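Just so you know, these numbers come straight off a predicted model, no measurement behind them. Scope of the values below: all heavy atoms of this structure, side chains included, with no hydrogens, waters or symmetry mates.
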Amino acid sequence: QVQLVESGGGLVQAGGSLRLSCAVSGRTLRTYDMSTNTMGWFRQAQGKDREFVAAINWSGDTPSYADSVKGRFTISRENGKNTVYLQMNSLRPEDTAVYYCAAHPSSNYAGRAYPDWGQGTQVTVSS
């Protein structure tokens, strides 16, 4: 079973920055090769549905972002460390949510149906 562990959440003032990390472990590299999967970040604000934030393909050369975070958030990955990051700049109160990391075994997955999820990390942006 793949395990994804998020970290880096916290409380920040509007305009500030945070960097989230997601460490992937569990299955052997042969069955869930970190270097060939697609990684995504999603978020869920209180009382709202979970929404897509960003995703990155296996090579890291094709990131995608929700319109609401374009130009402010950057997704990246270090396959050698089995880790994906979400750098969040110019944070706004509406970015407040639980942020989840997700993994898909396809190398260039463009959908939103990820099979493996982390437990989430809380990000709170004060005004």
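- Minimum heavy-atom separation, R72 to L91: NH1-CA, 3.9 Å.
- Q87 meets the side chain to side chain donor-acceptor pair (under 3.5 Å) test with N89; sequence neighbours excluded.
- Here the side chain of N57 pairs a donor or acceptor atom with the backbone of T62 at under 3.5 angstrom.
- Side-chain atoms of E6 come within 3.5 Å of backbone N or O of G120 as a donor-acceptor pair.
- Closest approach of W41 to S21, counting heavy atoms only: CH2-O, 3.7 Å.
- Partners of S64 under the side chain to side chain donor-acceptor pair (under 3.5 Å) rule, at least two apart in sequence or in another chain, do not exist in this structure.
- Summarising the geometry of S76 relative to I56, their closest heavy-atom pair is CA-CD1, 3.7 Å, with the distance given to 0.1 Å.
- Under a 4.0 Å N-O distance rule, the pair R92/D95 does not qualify as a salt bridge.
- Shown here for G8 and L18, the closest heavy-atom pair between the two residues is O-CD2, 3.8 Å.
- A side-chain contact (heavy atoms from CB on, under 4.5 Å) with V84 is found for one member of T38, I75, L20, V24 and no other, namely I75.
- Of the possible donor and acceptor atoms, one in the side chain of R112 sits under 3.5 Å from a partner among the backbone N and O of A110.
- In summary, the aromatic rings of F42 and W117 are positioned with their centroids under 6.0 Å apart.
- No more than 12 heavy atoms of other residues, nucleotides or ligands lie within 6.0 Å of CD in Q119, so this atom counts as exposed by the packing criterion.
- In this structure, F52 is not a member of the same hydrophobic cluster as F73, with clusters built from ILVMFWY side-chain heavy atoms closer than 4.5 Å.
- At a threshold of 4.5 Å between non-hydrogen side-chain atoms, the residues M39 and N37 count as touching.
- Under a 3.5 Å cut-off, the side chain of T96 and the backbone N or O of V125 do form a donor-acceptor pair.
- The line from CZ of R43 to CZ of R50 is 13.5 Å long, rounded to the nearest 0.5 Å.
- The aromatic rings of Y109 and H104 sit parallel, their planes meeting at an angle under 30°, below the 60° perpendicular limit.
- Pairing each heavy atom of S127 with each of A14, the nearest pair is CA-CB, 4.4 Å.
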